[in-house]
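I have placed the structure first, in the form of structure tokens, so that the comments after it can refer back to it.
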Amino acid sequence: MKQFIKLSHISALIILVVGCKDPSRTKTMDFGLFTLEVPYKWQQVKQDGIDSYVGAIAIDNTDTLYFDLGMYSNSLTEPNIQVITRQMMEENNLDSSDFIVVKDIMSMNIDADLYRKQNVSWDTIDNRRAKIVFPRISGKGITGVYIGSLWGDSSKVRFNLHGTDLKTQTEEDLVKAIKTLRFHKRNIDNEEN
């Protein structure tokens, strides 16, 4: 009997230790107006917003996700790529990292889409049309979701959840978590405080 009890205790301890190390474990994070299923190690971080409900999710020491639920939430649209000539750059003392620089005016007829950082796909999440963005090169760009109208009413309450320059595993985990989003309509003013 003592051996059975000892064996039971050892088995329980092994299950606890192995369970804590399991990277596939998830939990539901509840932000009041929405929930999502995330890896167990992710932690909610409260933030103060002025005109919307905002917050963050700490992933680790380097990766953090941010959300914004309100009328002015960023659509996560990548800015248009501007093409300039080398002469224009030099004459105006411009930083070349903000532009595609071509040799001369004849070279300006290029497909700027080739130089974008993000891909965009569309999906339906919790019966809402959702724009999902993800980097073309892992770790360089935004990974996230934007929903242009949460409740289909005239208030146009929007939502985004995103991270920038995330590690590959975090990008993958975020895309999985995005598909588990569920929204709950409540008085947004009460959630902001």
Side-chain angles (χ1 to χ4, degrees), residues 23 26-84 94-101 110-150 156-183 188 191-192:
T26 62
K27 66 181 177 183
T28 300
M29 291 186 114
D30 188 343
F31 292 90
L33 292 172
F34 66 96
T35 60
L36 73 159
E37 192 78 16
V38 301
Y40 195 76
K41 65 181 181 172
W42 291 14
Q43 297 298 316
Q44 183 175 347
V45 178
K46 285 195 172 239
Q47 295 193 317
D48 294 324
I50 295 173
D51 57 5
S52 59
Y53 174 42
V54 298
I57 301 172
I59 307 302
D60 55 29
N61 292 339
T62 57
D63 286 345
T64 303
L65 308 176
Y66 299 92
F67 71 81
D68 183 346
L69 190 151
M71 291 181 63
Y72 306 106
S73 299
N74 184 319
S75 66
L76 306 181
T77 300
E78 188 173 355
N80 287 329
I81 307 293
Q82 294 184 6
V83 180
I84 62 172
L94 299 172
D95 179 3
S96 64
S97 64
D98 296 330
F99 306 97
I100 297 171
V101 181
I110 62 171
D111 184 359
D113 189 54
L114 295 172
Y115 299 94
R116 292 197 176 280
K117 289 183 179 181
Q118 272 98 240
N119 285 315
V120 175
S121 68
W122 293 89
D123 203 345
T124 301
I125 298 172
D126 196 26
N127 296 315
R128 292 164 175 85
R129 183 169 160 82
K131 176 170 73 172
I132 300 172
V133 298
F134 53 97
R136 291 183 174 181
I137 299 172
S138 186
K140 297 182 188 267
I142 295 174
T143 305
V145 62
Y146 170 76
I147 299 173
S149 179
L150 281 182
K156 289 290 188 188
V157 176
R158 299 168 175 91
F159 174 81
N160 76 42
L161 170 67
H162 69 282
T164 304
D165 300 337
L166 303 172
K167 289 189 271 317
T168 302
Q169 185 61 56
T170 305
E171 288 176 5
E172 292 171 11
D173 290 343
L174 176 54
V175 171
K176 283 183 201 170
I178 284 169
K179 295 182 188 266
T180 69
L181 278 165
R182 298 296 174 261
F183 294 92
I188 193 168
E191 296 297 328
E192 290 178 333

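Just so you know, these numbers use all the heavy atoms, side chains as well, and skip hydrogens, waters and symmetry mates.
- Going from atom CD1 of Ile125 over to atom CG of Leu181 covers 6.0 Å, rounded to the nearest 0.5 Å.
- The CE atom of Met29 lies 11.5 Å from the OG1 atom of Thr35; values are rounded to the nearest 0.5 Å.
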Go through the steps for Asp60 and Lys167 under the test salt bridge (Lys or Arg N to Asp or Glu O under 4.0 Å), then give the verdict. CA-CA 10 Å; Asp60 55 29; Lys167 289 189 271 317; 2.7 Å; yes

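- Residue Ile59 holds its CD1 atom at 7.5 Å from NZ of Lys41, rounded to the nearest 0.5 Å.
- A donor-acceptor distance shorter than 3.5 angstrom exists from the side chain of Asp30 to the backbone of Gly32, with no hydrogens or angles considered.
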One pair to check against side chain to side chain contact (heavy atoms under 4.5 Å, CB included): Ile132 and Trp122. What are the steps and the verdict? CA-CA 6 Å; Ile132 300 172; Trp122 293 89; over 6 Å; no

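- Under the 3.5 Å distance criterion, the side-chain polar atoms of Glu78 are matched with a main-chain donor or acceptor of Gln118.
- At a threshold of 4.5 Å between non-hydrogen side-chain atoms, the residues Leu69 and Leu150 count as touching.
- Under a cut-off of 6.0 angstrom, the local environment of NZ in Lys27 is crowded, with over 12 non-hydrogen atoms contributed by other residues, nucleotides or ligands.
- The line from OH of Tyr72 to CG of Asn74 is 14.5 Å long, rounded to the nearest 0.5 Å.
- The environment of Lys179 atom NZ is sparse: at most 12 non-hydrogen atoms of other residues, nucleotides or ligands sit within 6.0 angstrom.
- Residues satisfying the side chain to side chain donor-acceptor pair (under 3.5 Å) criterion with Ser121, sequence neighbours excluded, are absent altogether.
- Taking the side chain as every heavy atom from C-beta outward, Val133 and Asn119 never approach each other to under 4.5 Å.
- Taking 4.5 Å as the limit, every side-chain heavy atom of Asp68 sits out of range of all side-chain heavy atoms of His162.
- Contact annotation: the side chain of Lys131 never approaches that of Val145 to less than 4.5 Å [non-hydrogen atoms, C-beta and beyond].
- The two residues Arg158 and Met71 make their nearest non-hydrogen contact at NH1-O, 2.6 Å.
- Scanning all heavy atoms of the two residues, the minimum distance from Gly163 to Leu174 falls at N-CD2, 4.3 Å.
- Remark: the backbone N or O of Ser73 is not paired with any side-chain donor or acceptor of Asn160 at under 3.5 angstrom.
- To the nearest 0.5 Å, the span separating OG on Ser149 from CZ on Arg129 amounts to 12.5 Å.
- For the pair Val38/Thr180, no side-chain contact is recorded, criterion being any heavy-atom separation below 4.5 Å from C-beta on.
- Among the candidates Asp165, Thr168, Thr170, Thr143, the single residue satisfying the side-chain hydrogen bond (donor to acceptor under 3.5 Å, both in side chains) test with Ser138 is Thr168.
- Two residues are said to be in side-chain contact when any heavy atoms from C-beta on lie closer than 4.5 Å; Val120 and Phe134 fail this criterion.
- The side-chain heavy atoms of Lys117 and Lys140, taken from C-beta on, include no pair separated by under 4.5 Å.
- In this structure, Glu171 contributes its side chain and Gly139 its backbone to a donor-acceptor pair below 3.5 Å.
- Among all heavy-atom pairs drawn from Ala56 and Phe67, the shortest one is N-CE2, 4.0 Å.
- Counting all heavy atoms, side chain and backbone alike, Gly144 lies closest to Ile178 at C-CD1, 3.7 Å.
- Tyr66 is not listed as a side-chain neighbour of Leu161, based on a closest heavy-atom distance of 4.5 Å or more.
- Rounding to the nearest 0.5 Å gives a distance of 11.5 Å between CG of Asp126 and CG of Leu36.
- Each of Phe34, Phe31, Tyr146 was evaluated against Phe159; a single residue qualifies, Phe34, per the ring pair (Phe, Tyr, Trp, His ring centres under 6.0 Å) test.
- At distances below 3.5 Å, at least one donor-acceptor pair connects side-chain atoms of Arg116 with backbone N or O atoms of Pro79.
- Taking both residues in full, the closest heavy atoms of Ser52 and Gly70 are given as CB-CA, 3.6 Å, listed atom of the first, atom of the second, then distance.
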